[in-house]
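Since the structure comes first, as structure tokens, the remarks are kept for the end.
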Amino acid sequence: SLLHVRPTGPLAQKDFDELAKVVDPFIEQTGGLRGLILETAGFPGWENLGAAVRHFRFVRDHHTKIKRIAAVTDSPLGEAAEHIASHFVSAEIRHFSAGHVEEARAWIAST
């Protein structure tokens, strides 16, 4: 139960709506996800304020249902997320440099 997300441009509200359509039924059936890999060269930002709000709502609604989150990126926000977001979300968060997806996968699988 691993979700691998690779955003390619600014995040939009519809991205989180589509993601919820896929993830929510799976979580209902299984009780949660072992992990989430967020892979992006750099943080793409949000399309608009509504997208940022929807992103934070998605995190609020799902963070207790995911055991581990791996941020695979060279963006400075990747390392910051590991330290800052850990105060707000239940999931264990770890930063991996870009290109280290297999390392991130192994870390999530070790739960």
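Keep in mind the model is a prediction, meaning the values are calculated, not measured.
When all heavy atoms of Ala70 and Ala104 are compared, the pair lying nearest together is CB-CB, 3.6 Å. Considering all non-hydrogen atoms of both residues, Lys65 and Ile27 come closest at CD-CG2, 3.5 Å. Nearest approach of Ala51 to Asn48, heavy atoms of both residues: N-OD1, 2.8 Å.
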Using the side-chain contact (heavy atoms from CB on, under 4.5 Å) rule, take Leu2 and Arg34 through it: C-alpha gap first, then chi angles, then the decisive distance, then the call. CA-CA 6 Å; Leu2 171 67; Arg34 178 177 281 183; 5.9 Å; no
Go through the steps for Trp46 and Phe56 under the test ring-ring contact (aromatic ring centres under 6.0 Å, His included), then give the verdict. CA-CA 11 Å; Trp46 298 282; Phe56 295 126; 5.7 Å; yes
Please test His62 against Asp24 for side chain to side chain donor-acceptor pair (under 3.5 Å), starting from the C-alpha separation and ending with a verdict. CA-CA 9 Å; His62 294 87; Asp24 290 352; 2.5 Å; yes
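Between the Thr64 side chain and the Ser90 main chain, no donor and acceptor come within less than 3.5 Å of each other.
At a threshold of 4.5 Å between non-hydrogen side-chain atoms, the residues Leu38 and Pro7 count as touching. For the pair Arg94/Arg68, no side-chain contact is recorded, criterion being any heavy-atom separation below 4.5 Å from C-beta on. Leu11 is listed as a side-chain neighbour of Pro44, based on a closest heavy-atom distance under 4.5 Å. Within the 4.5 Å cutoff, side-chain heavy atoms of Thr73 are placed close to those of His95. Two residues are said to be in side-chain contact when any heavy atoms from C-beta on lie closer than 4.5 Å; His4 and Ile37 meet this criterion. Residues Trp107 and Glu92 are in side-chain contact: their nearest non-hydrogen atoms beyond the backbone lie under 4.5 Å apart. Leu19 is listed as a side-chain neighbour of Leu3, based on a closest heavy-atom distance under 4.5 Å.
Evaluated for a side chain to side chain contact (heavy atoms under 4.5 Å, CB included) with Ile93, the options Ile69, Leu36, Ile66 yield exactly one hit, Ile69. None of Arg57, Glu18, Arg54 except one satisfies the side chain to side chain contact (heavy atoms under 4.5 Å, CB included) rule with Gln13; the exception is Arg54.
There is no path of hydrophobic side-chain contacts, each under 4.5 Å, that joins Phe16 to Val53.
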